[in-house]
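Everything below concerns the one structure shown next.
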Number of protein chains: 2
Amino acid sequence: MGRKRTKSGKIRLAEVAELAGVSPITASRFFRNPEALSVAKRTRVESAANELGYVPNLAARALASQRTEVIGVLIPSLTNNVFSDVLRGIYDAYEGSRYSIQLSNTRYSILQEERLLRLFLAQKPAGLIVTGIDQTTESRAMLDAADCPIVQIMEIGPNPVDMMIGFSHYDAARAAIAHLFAQGHRKIGFIGARMDPRVQRRLDGYVSAMKDAGLFEQRLVVTTATPTSVTLGGALFTDLLAREPGIDAVFCANDDLALGVLFECRRREIAIPEQIAIVGFNDLEFMASAVPTLTSVRTNRYEMGNKAATMLIEAIDGRRPEQSVLDLGFKVIERQSSSSRHQDSRPAVSGGGAQNKMVALPSGHD
Amino acid sequence: MGRKRTKSGKIRLAEVAELAGVSPITASRFFRNPEALSVAKRTRVESAANELGYVPNLAARALASQRTEVIGVLIPSLTNNVFSDVLRGIYDAYEGSRYSIQLSNTRYSILQEERLLRLFLAQKPAGLIVTGIDQTTESRAMLDAADCPIVQIMEIGPNPVDMMIGFSHYDAARAAIAHLFAQGHRKIGFIGARMDPRVQRRLDGYVSAMKDAGLFEQRLVVTTATPTSVTLGGALFTDLLAREPGIDAVFCANDDLALGVLFECRRREIAIPEQIAIVGFNDLEFMASAVPTLTSVRTNRYEMGNKAATMLIEAIDGRRPEQSVLDLGFKVIERQSSSSRHQDSRPAVSGGGAQNKMVALPSGHD
DNA sequence: AGGATCGTTGACAGCGCTACCAGCAACGAC
DNA sequence: GTCGTTGCTGGTAGCGCTGTCAACGATCCT
């Protein structure tokens, strides 16, 4: 016996086809590949669909076509400003496309990531965006076996699963330290929080730059697994000062920490940059507006998300990009907090960034 | 002639049923309502599913059952810290539930919201979370006609579509101004950016409080439609000072603006709070850590998202909450930037917020 | 002119799951 | 002992769409 369930009441493709005087399959084609129809039928179907207010049933489409139009996005944090910029880039790229985004938060756990990956892959996504290059072997195997395009974002490294877009955190950190060296700083501390893989690589870059200069000392490094915050920046800086009162600069693994250091210096009446120089990472908006303005390493977060999404869509549509690994580079934006030239504190209320000087260009030209 | 398409290769429910020695329909029930099975069959199906690694096909389920397990979430911005906290609350609540989240960004446009709403509703979501109470009449009609639970978040107001969770931005602004009055301030400026409906209501609260005290002057108000930023805070404050050099306090519509004002004061060597007091809105993390620490109105953003999601799930499952409108209130967190008691600038590196004093409690007891 | 090619259209048979109803055994009430 | 009643299980028939193939006329080539 059939079901008595109420017909959803919605317009179906068949109704549209009937009104347009074509077969259902022709109407179906109109929505997927209108070019394939003759102009006459195309307009007939189009007006019929408009007249009836037809909306395709995505579940039926997914079932029949054996694929979804869902893009899975796995990011480690929803709180972090960095990821909200990336996300905005991603969402902007999908706007108006037929794909929809399924977002999940791994909370910086690769096990959680593995779990979510399994979940996503089971639904046969059209594509996948994952953060970073540090997956469990299990995750890696699933990604390798996945039959959809995949983009890894936030950093670049060897052995991409498929496509990859980001920059070298290691090189970026080295460039920041090189900048501090150029300004005459020698005893440079490092503070880092959360210590996720990318922060770890910034630390690695710092360590290598310091070692190259024969200046590395373990006690110059203060890190914690705690999530980052402005307050934490002040606390870590306090620790650093206690360990090594003689430092003349601090490289902060992100801008929130840098802002915390700035406030802590103010509290302690330490002059920036005269007594201590500060360099942050990411170049969030407030860095250009702080007093003194704060030097930071600019990363192209919005572009990273946007480009990743664009590349993914193109790959799904069968147009693979020429180069599957894209280095978006970084720039050290030099500002007052690390400038030995004592730029005067202009009342530059708006337009921060105009007077920025580029110190290093795209990474990874090796 | 049938299709030759490769069978997806995936395990289907029928295979599980066969291995378990039950009918497909019984296996189906196991996944939706295991209680309905006898214990014997339940364990048989369970172990069969585990053995085969069965994963349900959501598209087929959605098609057959005529409903999805997707929750639509419409927010105006992905950049704003405020919404990332709300989102985190929402995602946390859905973690592990069978629902998935479909997020869209209205970019503060009610027309965009209407478009997205139409898109969402067409897919028959299990529930909907929308931001605010200012929808187009068309949107409102669609929401009223929607046959799924709906939660409006971020603020409360008359005529909820269904459920509602938030607080009164009007009352919160009034409380902030009352606090400034209590500290002896009279010439209180207002700066606001973006001027979305909620910021507008904060302005309304400011205006009414000032008028009540006979202190309102139009030139004390500086607003712009530009998206908010720290830099913009400095610029708006500069405008305000130019218009009315005699102000003794500023109420900022959000914390980014407040931070910008702080930096601008530092640039101009204006003493806080002696010459000018500052009050922000939202109580972001950095407010407790700034120098001087910044007074703000704390809003329960994470809880708002989390509670909204929880209420929505319960409503979907047929357990509607007793009260459909929930006021989460706010608190004025008094800090140095508006304290006439001249709290000494302690080196309170971590733990900001411990010394906070609550000034006003949940809103909307009228 | 005949055949090959192209562009366009349609028929058919499912995709994997669940709503509906019916059946059946076990049980208690009368 | 008969008649509900309850609890569990299964059969049937789709949900609305699309992949595959075949057929058709129009166009092109030799």
Side-chain angles (χ1 to χ4, degrees), chain A residues 1-45 48-49 52-69 98 122-124 126, chain B residues 1-45 48-49 52-69 98 122-124 126:
Chain A
M1 243 125 288
R3 49 185 57 179
K4 303 281 165 48
R5 85 172 52 151
T6 46
K7 277 265 188 32
S8 61
K10 278 290 180 184
I11 313 296
R12 281 166 319 179
L13 189 55
E15 270 106 272
V16 176
E18 193 179 9
L19 180 61
V22 300
S23 72
I25 192 63
T26 302
S28 167
R29 268 192 279 265
F30 168 77
F31 292 101
R32 289 173 295 144
N33 183 18
E35 323 297 289
L37 297 202
S38 63
V39 183
K41 304 229 167 183
R42 202 185 307 171
T43 52
R44 287 236 300 283
V45 175
L52 295 171
Y54 172 72
V55 180
N57 179 322
L58 297 187
R61 176 179 290 175
L63 180 59
S65 66
Q66 295 282 44
R67 60 199 168 73
T68 61
E69 292 182 336
R98 65 177 192 279
Q123 300 312 323
K124 302 186 217 293
Chain B
M1 40 232 65
R3 48 185 59 179
K4 302 279 165 49
R5 88 176 44 156
T6 47
K7 277 264 190 31
S8 61
K10 277 291 181 183
I11 313 297
R12 284 167 317 183
L13 189 56
E15 269 105 274
V16 176
E18 193 179 8
L19 179 61
V22 300
S23 72
I25 191 66
T26 300
S28 167
R29 268 192 279 263
F30 167 76
F31 291 101
R32 290 172 295 140
N33 183 18
E35 323 297 290
L37 299 202
S38 62
V39 183
K41 306 229 165 183
R42 200 184 308 171
T43 52
R44 287 236 299 286
V45 176
L52 296 171
Y54 171 73
V55 180
N57 179 322
L58 297 187
R61 178 179 290 176
L63 180 59
S65 66
Q66 295 283 38
R67 59 199 167 72
T68 62
E69 292 179 338
R98 65 177 191 278
Q123 300 311 325
K124 301 186 218 295

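Protein chains get the first letters and strands the later ones, always in sequence-line order, with residue 1 at the start of each.
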dist A:R67:CZ -> A:R61:CZ (nearest 0.5 Å) comes out at 9.0 Å
From the candidates D:dC8, C:dC15, C:dC17, the one with an atom nearest any side-chain atom of B:S38 is D:dC8
note: B:I25, atom CD1; D:dG7, atom P; distance rounded to Å ~ 19 Å
For A:A27 and A:A17, the nearest pair of non-hydrogen atoms, with its separation, is CB-CB, 3.9 Å
Residue pairs meeting side-chain hydrogen bond (donor to acceptor under 3.5 Å, both in side chains), one or both in residues 30-44 of chain A, sequence neighbours left out, come to A:S28-A:R32
- Task: Could you tell me whether the phosphate oxygens of C:dG7, OP1 or OP2, come under 4.0 Å of any side-chain nitrogen or oxygen in A:K41?
- Result: no
Heavy atoms under 4.0 Å, any strand shown: does B:R32 hit a base, just sugar-phosphate, or nothing? sugar-phosphate
Considering every strand and a 4.0 Å limit on heavy-atom distances, what is the contact class for A:A36: base, sugar-phosphate, or nothing?
sugar-phosphate
### Query
Would you say A:V22 and A:F30 make side-chain contact, with heavy atoms under 4.5 Å?
no
(Q) Looking at B:S28, I'd like to know whether one of its side-chain N or O atoms comes within less than 4.0 Å of OP1 or OP2 on C:dT18. (A) yes
Taken to the nearest whole Å, CZ/A:R61 to C1'/D:dT18 is 9 Å
Checklist entry - Under 4.0 angstrom, heavy atoms only, what part of the nucleic acid is A:Y54 near: base, sugar-phosphate, or nothing? => result sugar-phosphate
Would you please confirm or rule out a distance under 4.0 Å between OP1 or OP2 of C:dG10 and any side-chain N or O of A:T26?
-> yes
Closest to the 5' end of DNA chain D, once A:R67 and A:A59 are matched to their nearest nucleotides, is A:A59
Atom CG of B:L63 and atom P of D:dC17 are separated, to the nearest Å, by 9 Å
A:N57 CG to C:dC17 C1', in whole Å, measures 13 Å
Between CG of B:N33 and P of D:dG7 the distance, given in whole Å, is 13 Å
Of C:dA19, D:dG16, C:dG16, the nucleotide closest to the side chain of B:A60 is C:dG16
In whole angstroms, the gap separating C1' of C:dT9 from CZ of A:F30 amounts to 16 Å
Ranking B:P24 and A:P56 by the position along DNA chain D of their nearest nucleotide, the one closer to 5' is B:P24
Check your understanding: Using a cut-off of less than 4.0 Å, is there contact between a side-chain N or O of B:S65 and OP1 or OP2 of C:dT18?
Key -> no
Flag if over 12 foreign heavy atoms under 6.0 Å of CD, A:E69: yes
So CD1 of A:I11 and CG of A:N57: to nearest 0.5 Å the spacing works out to 13.0 Å
Original post:
When you check the phosphate oxygens OP1 and OP2 of C:dC17, does a side-chain N or O of B:Q66 lie under 4.0 Å from one of them?
Top reply: no
Rounded to whole Å, the CZ-P distance (A:F31 to D:dG16) equals 15 Å
Whole-Å distance, B:L58 CG to D:dC17 C1', equals 17 Å
- Query: Do A:R29 and D:dG19 share a donor-acceptor pair, side chain to base, under 3.5 Å?
  - Reply: no
